[in-house]
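Side-chain atoms are counted along with the backbone in the values below, which use heavy atoms only and exclude waters and symmetry mates. The residues of the chain are indexed from 1 along the displayed sequence. Predicted, not measured: the structure shown is a model, and the values here were computed from it.
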Amino acid sequence: MKSKRLFWLSLLALCCLAVAWGIFWKVPYGHSLVSCSSVEGQPEQCVTGPIQYDLSAQIVIGLALLGLSFFCSLIAWVTGLFTTARVKQWGWFAAILFLSPLATFFYSLFGTRQREA
């Protein structure tokens, strides 16, 4: 696999992961909503309860992006491991093994380019 494909797969995986993280960061967990109502002549009454949002679309999009990130990262990870093992670049191999997809992205940019037979 050419390093351009490895670059694009790693970049797509990182971008999808960042966007999914941003989506899930915005999902409110455990926040409370205070609603107050007043009727003339009576004291104001306030009720506290959980925020009721329809988050299904937001969660589905986030999970889809996580799935796409996982799939692209897995392909780039396996490809990077095979490529670095074949050319005996054990430093890159260890980095990709433990730090994928970030190391795969950097390998596609800075790794040694050797022609495949």
Side-chain angles (χ1 to χ4, degrees):
M1 177 182 259
K2 294 182 181 179
S3 63
K4 282 185 181 181
R5 290 184 191 150
L6 194 61
F7 169 78
W8 288 112
L9 278 173
S10 300
L11 185 64
L12 181 63
L14 289 171
C15 289
C16 287
L17 187 63
V19 171
W21 182 78
I23 287 173
F24 286 127
W25 182 263
K26 296 289 186 184
V27 174
Y29 294 107
H31 294 283
S32 295
L33 177 68
V34 177
S35 65
C36 298
S37 63
S38 62
V39 177
E40 206 171 303
Q42 294 183 354
E44 187 175 50
Q45 295 179 347
C46 295
V47 178
T48 304
I51 295 177
Q52 300 295 322
Y53 289 127
D54 182 21
L55 299 173
S56 58
Q58 195 174 9
I59 290 172
V60 167
I61 291 170
L63 288 175
L65 286 172
L66 281 177
L68 181 62
S69 173
F70 174 76
F71 181 72
C72 291
S73 180
L74 182 66
I75 293 171
W77 183 68
V78 169
T79 303
L81 287 177
F82 280 120
T83 304
T84 54
R86 186 174 50 237
V87 294
K88 296 182 171 115
Q89 294 177 335
W90 303 116
W92 280 113
F93 181 86
I96 290 171
L97 182 63
F98 296 115
L99 299 173
S100 186
L102 195 58
T104 310
F105 176 72
F106 285 123
Y107 174 72
S108 69
L109 288 176
F110 305 117
T112 311
R113 308 240 194 282
Q114 293 195 1
R115 296 195 95 160
E116 297 180 16

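None of I75, L9, I96, L14 except one satisfies the side chain to side chain contact (heavy atoms under 4.5 Å, CB included) rule with P101; the exception is L14.
With hydrogens and angles ignored, the 3.5 Å screen pairs a side-chain donor or acceptor of T83 with a backbone N or O of T79.
In plain terms, the two heavy atoms of S69 and C16 that are nearest each other are CB-CB, 3.8 Å. Of all non-hydrogen atoms in T84 and L81, the two that sit nearest each other are OG1-O, 3.2 Å. Residue F105 comes nearest to F7 through the heavy atom pair CE1-CE1, 3.1 Å, listed as atom of the first residue, atom of the second, then distance.
At a threshold of 4.5 Å between side-chain heavy atoms, the hydrophobic network of Ile, Leu, Val, Met, Phe, Trp and Tyr places L6 and L12 in two separate groups. Residues L74 and F82 fall within the same hydrophobic cluster, defined by Ile, Leu, Val, Met, Phe, Trp and Tyr side chains chained together at heavy-atom separations under 4.5 Å.
For the atom pair CH2 (W21) and CG (L65), the distance works out to 14.5 Å, reported to the nearest 0.5 Å. Rounded to the nearest 0.5 angstrom, S108 OG and W8 CH2 are separated by 10.0 Å. Atoms OG and CZ, from S10 and F106 in turn, are 10.5 Å apart once rounded to the nearest 0.5 Å.
A perpendicular orientation is assigned to the rings of W90 and F93, their planes being inclined by more than 60° (bins at 30° and 60°).
With sequence neighbours excluded, no residue forms a ring pair (Phe, Tyr, Trp, His ring centres under 6.0 Å) with W77. For L66, the side chain to side chain contact (heavy atoms under 4.5 Å, CB included) criterion is met by L17, A20, F24, L63, not counting sequence neighbours.
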